[in-house]
S.K.: 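Got a structure here, written out as structure tokens. Questions coming.
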Amino acid sequence: MALILSGRKFARVVKASLRERVAALQGPPPGLTVVMVGDDPASQVYVGAKEKACKRVGFNSTVLKLPVETTEAEILDLIDQLNADDSVHGVLVQLPLPDHISDNRVASAVLPEKDVDGFHPVNVGRLWRGEDGLFPCTPSGIVSLFHHHDISLTGKNALIVGRSNIVGKPMAALLLRENCTVTVAHSRTVDLKEQCREADILIAAVGIPEMIKKDWVKPGAVVVDVGMNRKSDGKLVGDVAYDEVLDVCSAITPVPGGVGPLTIAFLLENTFKARLNLKPPAGN
Ligand code: GUN
């Protein structure tokens, strides 16, 4: 029987540890500001969950909701103000943004030290160079989940299905840092099924419901499902056909309760890290 890698349980451990570290802090608590543009229903749910999680661990949390017609210049101006505000340690601009706003220009406007999403080019560079920095929350959470369960990574063949800037690419960088041999597959990959069957560590982040079937998985592989898809009958499923893959893998994350809660827990970790980098006032 495969080990169920419960992100929900591990996220509780991370948050309990954060609560203690916040209580022991000298000075102001960590402060996160989330900016949301428009009223995308999924974003509203995610942003609400982020706000609630912040409050639970003793962070200050502010959500700024802007109308969909907000211009890019107005958002960049707001980010400048947040960059200059010493009570704000982390700034997160919720994606997706409306089409008239460039994700990349917005990501580059947030100070790297406040970039709790890890999307700023400086943090991306630090990640690939093996330096310290703020790195994307979902892949960071996945690597910590592996460590929490003593899953060995060195020398393992890791296959990531999906090449997004939020998950696939940073996941590749983090697994390289863990000494995996990393392959990134995507929609144009030839023989995806065969590639998947070679993987000791399989990370599915494609957004296609239950695409990864039992005969795509190497016996004993560790499977992480980043997918979150709503089927026509309303059921929430991942990118992996969970019930059947359970029979062949050695460990697997469920959906829901797998990777989702980790993303929020590691957003909190990044915000705490950003707060620790706070320089003491001159003279102290
Ligand atoms: N929308 C979906 N996932 C994310 C994320 O990790 N960060 C931001 N900023 N927006 C998202």
Side-chain angles (χ1 to χ4, degrees), residues 7 11 14 31-54 59 61-66 68 70 72 75-76 78-79 82-83 88-99 101-112 114-124 127 133-145 160 162-174 203-207 224-230 236 238-239 253 255-256 258-271 273-274:
V14 171
L32 174 69
T33 296
V34 175
V35 179
M36 194 182 142
V37 187
D39 49 13
D40 178 69
S43 291
Q44 298 202 26
V45 174
Y46 294 141
V47 167
K50 288 169 185 176
E51 191 177 21
K52 195 167 133 199
C54 277
F59 289 12
S61 156
T62 307
V63 177
L64 302 175
K65 290 190 176 162
L66 306 179
V68 70
T70 306
E72 187 178 285
I75 294 185
L76 296 178
L78 173 63
I79 292 172
L82 297 172
N83 283 341
V88 176
H89 307 109
V91 176
L92 180 147
V93 181
Q94 185 66 25
L95 302 177
L97 286 166
D99 289 345
I101 300 167
S102 152
D103 293 3
N104 281 347
R105 273 196 291 274
V106 165
S108 301
V110 177
L111 267 184
K114 297 192 179 192
D115 167 36
V116 286
D117 258 328
F119 294 165
H120 190 285
V122 164
N123 281 318
V124 176
L127 171 61
L134 293 170
F135 305 141
C137 307
T138 302
S140 299
I142 292 169
V143 169
S144 288
L145 183 71
I160 301 151
R163 55 176 158 179
S164 69
N165 289 326
I166 300 185
V167 179
K169 288 184 217 167
M171 188 79 252
L174 283 173
I203 316 270
V206 263
V224 173
D225 192 349
V226 185
M228 203 48 125
N229 313 291
R230 183 81 59 187
L236 196 61
D239 295 345
T253 61
V255 176
V259 169
L262 285 182
T263 301
I264 293 189
F266 280 79
L267 168 65
L268 301 176
E269 279 288 353
N270 274 353
T271 305
K273 190 171 178 183

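Numbers here are sequence positions counted from 1. Ligands are counted one by one from 1 in listed order, and the atoms in each one are counted from 1 as well. Values below: every heavy atom of this structure, side chains too, minus hydrogens, waters and symmetry copies.
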S.K.: Is a donor on one side and an acceptor on the other found under 3.5 Å between the side chain of Asp117 and the backbone of Cys137?
M.R.: no
S.K.: Does ligand 1 have a heavy atom under 4.0 Å from the side chain of Leu95, from its backbone, from both, or from neither?
M.R.: both
S.K.: Under the rule for side chain to side chain donor-acceptor pair (under 3.5 Å), what residues qualify as partners of Ser61, not counting sequence neighbours?
M.R.: none
S.K.: Below 3.5 Å, N or O to N or O, backbone or side chain included: is there any such pair between Thr263 and ligand 1?
M.R.: no
S.K.: What protein heavy atom lies closest to atom 11 (C) of ligand 1? Include the residue and the distance to one decimal.
M.R.: Gln94 NE2, 3.5 Å
S.K.: Look only at the side chain of Glu72 and the backbone of Ser102, and say whether a donor-acceptor pair between them is shorter than 3.5 Å.
M.R.: yes
S.K.: How far is atom 4 (C) of ligand 1 from the closest protein heavy atom, and which atom is that?
M.R.: Ile166 CD1, 4.2 Å
S.K.: Say you draw a straight line from OG1 of Thr271 to CG of Leu92; how long is it, rounded to the nearest 0.5 Å?
M.R.: 8.0 Å
S.K.: Which protein heavy atom lies closest to atom 8 (C) of ligand 1, and at what distance to 0.1 Å?
M.R.: Asp117 OD2, 3.5 Å
S.K.: Is any side-chain heavy atom of Leu145 closer than 4.5 Å to a side-chain heavy atom of Thr253?
M.R.: yes
S.K.: Check ligand 1 against Leu92 and write out every atom of the ligand that is under 4.0 Å from a heavy-atom position of the residue.
M.R.: 9 (N)
